Number of protein chains: 2
Amino acid sequence: MARNKRDIDRKDKQDEIIVIARALFLAQGYEATSMAQVARDAGVAPNTLYWYFTDKDDLLIAVLNGLVLASLSEYTQLGSASIKEQLVWLIAQLEQSKRLVFTVHARVEQSQTVQLWHSQFHQMLDHLIVEKLIANGLLKEQAIVIATAGTFIVEGLLTHPHSAQQRDSVIDWLIAQTFSTV
Amino acid sequence: MARNKRDIDRKDKQDEIIVIARALFLAQGYEATSMAQVARDAGVAPNTLYWYFTDKDDLLIAVLNGLVLASLSEYTQLGSASIKEQLVWLIAQLEQSKRLVFTVHARVEQSQTVQLWHSQFHQMLDHLIVEKLIANGLLKEQAIVIATAGTFIVEGLLTHPHSAQQRDSVIDWLIAQTFSTV
DNA sequence: ACCTGAACACCGTTCAAGT
DNA sequence: ACCTGAACACCGTTCAAGT
């Protein structure tokens, strides 16, 4: 709570590294970015990174948290858009971090930390979507199943090649199923 | 076509390596398995693997092709099961190769070879499902969109933690949507 | 054609030492 | 507390040499 100067400095330096790592991870991918390169861009020795982050996965999670936070604050400003508009917005948002969606799924296999983050992220997203659907008149049980199916469909679109037309028809179908029972 | 002894020997040795690699990849994961370990289990020097496969991704694809071929031949013996039974069978089948589903998505980012394999795999799967749905009375357009959505939902179930109940309700929902328009 | 020993360039991470 | 130079163990892959 009561943070002294030292804590703030540490946080600042951490954020500085996170910004640099985010740019590299998004541009080149997580695997293609070495800790050495992050360090070089940050102007420190490679092992200095381990003073601020326990390992590369820890740095990944810090980057992810930053991205999620930024998206959430943007989302609250979206206000009264329709469900479909919000869905399209979400996909566009995730599209920017496509690479990291892959990376998270890949690292879930290897790293317990990433695994925990991943399940918590989906829990949060699921909760958000279910609330939104209930507010739009769906029954709780319907909302839960559609939130799950919807999330998987969005992730599928992100991680698989497809035409714009294919995307539109799947989204339209999902929206239609969502409201067919109201 | 006309294969001589030498070609057969080469194929045999390749298959031998593939079987060993498959066991290791499924048990420990692709990333966690080093080429050195595959070589050790195969009783050859590490660099010998590069005589039979151009690189580690090439070996991965050989393993994947073996798995897909085995599944397809099992599938044709499934005969007259209902759509839902076939869906449940497919999920159980993929569940066994869960790790490699992650791996393929991760490697798609890095390797053009894997990217090509991945898109061809989905093309084949999609075609199979669409045909099956049309044979069950769906219109072509409906079949296409449901094949896409269904594939994504199945992949989502594979790659995300969920309860048995959650799985059942999503599958039931998908089946219900599939036949609601017939 | 097939296989190997030795090396290469690189990786994430650790350790002892400095300030 | 913060940072570094040097090293460690490992990785996928290559190369020159042997049969």
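Small disclaimer: the values here were computed from a predicted structure and weren't measured. Order of the sequence lines fixes the chain letters, A, B, ..., with proteins taken first and strands second; residue numbering starts at 1 for each chain.
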Results of side chain to side chain contact (heavy atoms under 4.5 Å, CB included) for B/Arg99 - residues two or more places apart only: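 Checked B/Arg99 against side chain to side chain contact (heavy atoms under 4.5 Å, CB included); matches are A/Glu109.
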Under-4.0 Å side-chain N/O to phosphate OP1/OP2 contact, A/Arg10 with D/dA1: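 For D/dA1, OP1/OP2 do not have a side-chain N/O of A/Arg10 under 4.0 Å.
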Phosphate contact (C/dC3 OP1 or OP2) by B/Trp51 side-chain N/O below 4.0 Å: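 No, outside the criterion.
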In whole angstrom, give the distance that lies between atom [atom1] of [X] and atom [atom2] of [N].
X	N	atom1	atom2	answer
A/Ile17	D/dC3	CD1	C1'	11 Å
B/Arg40	D/dC10	CZ	C1'	12 Å
B/Gln110	D/dG12	CD	C1'	13 Å
B/Leu49	C/dT4	CG	P	10 Å
A/Glu31	D/dG12	CD	C1'	14 Å
B/Leu60	D/dG12	CG	P	13 Å

Aromatic ring proximity, centroids under 6.0 angstrom, B/His162 and A/His122: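 No, they do not, as the ring centres are separated by 6.0 Å or more.
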Ring centres under 6.0 angstrom apart (A/Phe25, A/Tyr30):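 They qualify: ring centres under 6.0 Å apart.
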Apart from A/Leu116 itself, residues in the same hydrophobic cluster as defined by side-chain heavy atoms under 4.5 Å: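 Its cluster partners, ordered by chain and number, are none at all.
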When you compare the protein's N or O atoms with those of nucleotides 13-16 of chain C, which come within less than 3.5 Å of each other, and at what distance?
residue	atom	partner	partner atom	Å
C/dT13	OP2	A/Tyr50	OH	2.6
C/dT13	OP2	A/Lys56	N	3.0
C/dT13	O5'	A/Tyr50	OH	3.3
C/dC15	N4	A/Asn47	ND2	3.4

Any donor-acceptor pair under 3.5 Å from B/Thr33 side chain to B/Gly29 backbone: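 Here the side-chain-to-backbone pair exists.
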Backbone of B/Gln177 reached by a side-chain donor or acceptor of B/Ser180 within 3.5 Å: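 Confirmed, B/Ser180 side chain pairs with B/Gln177 backbone.
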Which residues share a salt bridge (charged side-chain N to carboxylate O under 4.0 Å, His left out) with B/Asp57, sequence neighbours left out: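 By the salt bridge (charged side-chain N to carboxylate O under 4.0 Å, His left out) rule, B/Asp57 matches B/Arg107.
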Where DNA chain C forms stems, i.e. three or more consecutive Watson-Crick or G-U pairs with both distances under 3.5 Å: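 Ordered by first number, the stems with DNA chain C (at least 3 consecutive pairs each) read C:4-8 with D:12-16, C:12-16 with D:4-8.
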Aromatic plane relationship, A/His105 with B/Phe102 - under 30° parallel, 30 to 60° tilted, over 60° perpendicular: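 Perpendicular: the ring planes of B/Phe102 and A/His105 meet at over 60°.
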Ring pair (Phe, Tyr, Trp, His ring centres under 6.0 Å) involving B/Trp51 - partner list, sequence neighbours excluded: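 In terms of ring pair (Phe, Tyr, Trp, His ring centres under 6.0 Å), with neighbours along the sequence ignored, B/Trp51 is linked to no residue.
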B/Ser34 side chain, from C-beta outward: closest of D/dG12, C/dT4, C/dA1: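 The listed nucleotide nearest to B/Ser34's side chain is D/dG12.
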